[in-house]
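The structure appears right after this line, and notes come after that.
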Amino acid sequence: MPARINPSILSADFVNMERDLDRIGTADYVHVDVMDNHFVPNLTFGPQMVERIQAVSPIPLDVHLMIDDPDRWAPGYAELGAFSVTFHAEAAADSVALARRLREIGARAGIALKPGTAVEPYLEILGEFDQVLVMTVEPGFGGQRFIADVMPKLDALHAERARTGLDVWLQVDGGVTVDTIRIAAEHGADTFVAGSSVFGAPDADAAIVELRAAAAQHLH
Ligand code: DX5
Ligand code: ZN
């Protein structure tokens, strides 16, 4: 299985979104960061904008919700047709019920963990999720440094996946570059979000190809 590379449009030009989507034709999924200025100290956009991106993007959307009360808001993103909807464990009142609802609507259900959040409680309910997002920066902003200290969480998820045979994708997000992607792949990640290292490159598509190749050498 090749590494999945999901460019984060947080680093795209917000007034030229359609043009920037054209720069990432080789992406596997388009990573869409929704921020509400409450769960994180930054604000991006909501369902109306994501619906427009969904309408114009030939590549399916991987929505990352950095918002309070995802129990209330996340299903709407599944309903507008997102391929996957990932909410934060720290924000959800009932992670299992919410994941089941997202699957029922037809999206893949993802759960995200901030760097300080322990993974153990989620190992025993891993089958409820299609994706676990291990944050490698504090959520809120692009362009931060990769936190390698969270790699033991990936090790634990990877071991549990191997033990159970579950088909759950292990995603990392934050500070992913051609160097740090190798570290995450070695620890079991298979799905990689990259914002500044893709959109900051002169040739975004070439950067995606390079990231995928770097990860491939270290994939499990
Ligand atoms: C951070 C977002 C990321 C961000 C990553 O809170 O969830 O998706 O765009 O940006 P880079 O790759 O620049 O760290
Ligand atoms: Zn993200």
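Basis for what follows: all heavy atoms, side chains included, without hydrogens, waters or symmetry-related copies.
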Does [X] reach the main-chain N or O of [Y] with its side chain, forming a donor-acceptor pair under 3.5 Å?
X    : Y    : value
D68  : H38  : no
D205 : T26  : yes
D20  : D13  : yes
K153 : M135 : no
T164 : E160 : yes

### Query
Just by distance, with hydrogens left out, do Q131 and T191 show a side-chain donor and acceptor under 3.5 Å apart?
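Distance-only check fails for Q131 and T191.
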Same cluster (ILVMFWY, side-chain, under 4.5 Å), [X] and [Y]:
X    : Y    : result
V15  : L10  : no
I24  : F45  : yes
V137 : F87  : no
L166 : L102 : yes
I67  : F141 : no

Note, [X] side chain near [Y] side chain (heavy atom, < 4.5 Å):
X    : Y    : result
Q171 : H64  : no
V30  : I9   : yes
T136 : M151 : yes
Q48  : E51  : no
I59  : L21  : no
R212 : D28  : yes
W169 : R108 : yes
S95  : F129 : yes

[atom1]-[atom2] distance between [X] and [Y], expressed to the nearest 0.5 angstrom:
X    : Y    : atom1 : atom2 : answer
L126 : D167 : CG    : CG    : 10.5 Å
R72  : L98  : CZ    : CG    : 13.5 Å
T177 : R182 : OG1   : CZ    : 8.5 Å
E120 : L123 : CD    : CG    : 6.0 Å
D173 : L113 : CG    : CG    : 12.0 Å
S84  : N6   : OG    : CG    : 7.5 Å

### Query
Hey, mind stepping through Y122 and V132 against side chain to side chain contact (heavy atoms under 4.5 Å, CB included) and telling me if it holds?
CA-CA 9 Å; Y122 303 98; V132 180; over 6 Å; no
### Query
Looking at D62 and R4, does any basic side-chain N land under 4.0 Å from a carboxylate oxygen?
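No, no charged N to carboxylate O under 4.0 Å.
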### Query
Going by an N to O cut-off under 4.0 Å, is there a salt bridge joining R161 and D190?
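The answer is yes: the pair qualifies as a salt bridge.
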### Task
Answer yes or no: does atom CD of E138 have more than 12 heavy-atom neighbours from other residues, nucleotides or ligands under 6.0 Å?
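More than 12 within 6.0 Å, yes.
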Distance-minimising heavy-atom pair for [X] and [Y]:
X    : Y    : result
L154 : A184 : CD1-O, 3.9 Å
A82  : A107 : O-CB, 3.7 Å
T180 : G175 : OG1-O, 2.8 Å
L170 : G188 : CD1-O, 3.6 Å
P121 : I125 : O-CG1, 3.7 Å
P139 : H88  : CG-CE1, 4.2 Å

### Query
Could you walk me through whether V85 and I105 pass the side chain to side chain contact (heavy atoms under 4.5 Å, CB included) check?
CA-CA 11 Å; V85 179; I105 299 168; over 6 Å; no
### Aromatic F39 / basic K114 pairing, under 6.0 angstrom, 45° off normal
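Because its charged atom sits under 6.0 Å from the ring centre and within 45° of the axis, K114 does stack over F39.
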### Task
Take F199 and S8 through the test side chain to side chain contact (heavy atoms under 4.5 Å, CB included) and record every step on the way to the result.
CA-CA 8 Å; F199 285 103; S8 165; 5.9 Å; no
### Query
Checking side chain to side chain contact (heavy atoms under 4.5 Å, CB included) for the pair F192/L211: CA distance, chi angles, key distance, verdict?
CA-CA 9 Å; F192 305 87; L211 284 166; over 6 Å; no
### Query
Under the ring pair (Phe, Tyr, Trp, His ring centres under 6.0 Å) criterion, do H187 and H220 qualify, and how do the steps go?
CA-CA 8 Å; H187 289 272; H220 279 269; 8.2 Å; no
#### Entry: Verdict with supporting geometry, D33 and T44, side chain to side chain donor-acceptor pair (under 3.5 Å)
CA-CA 7 Å; D33 287 305; T44 54; over 6 Å; no
### Task
For the pair Y29 and F83, name the ring-plane relationship: parallel under 30°, tilted 30 to 60°, perpendicular over 60°.
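Correct class here is parallel.
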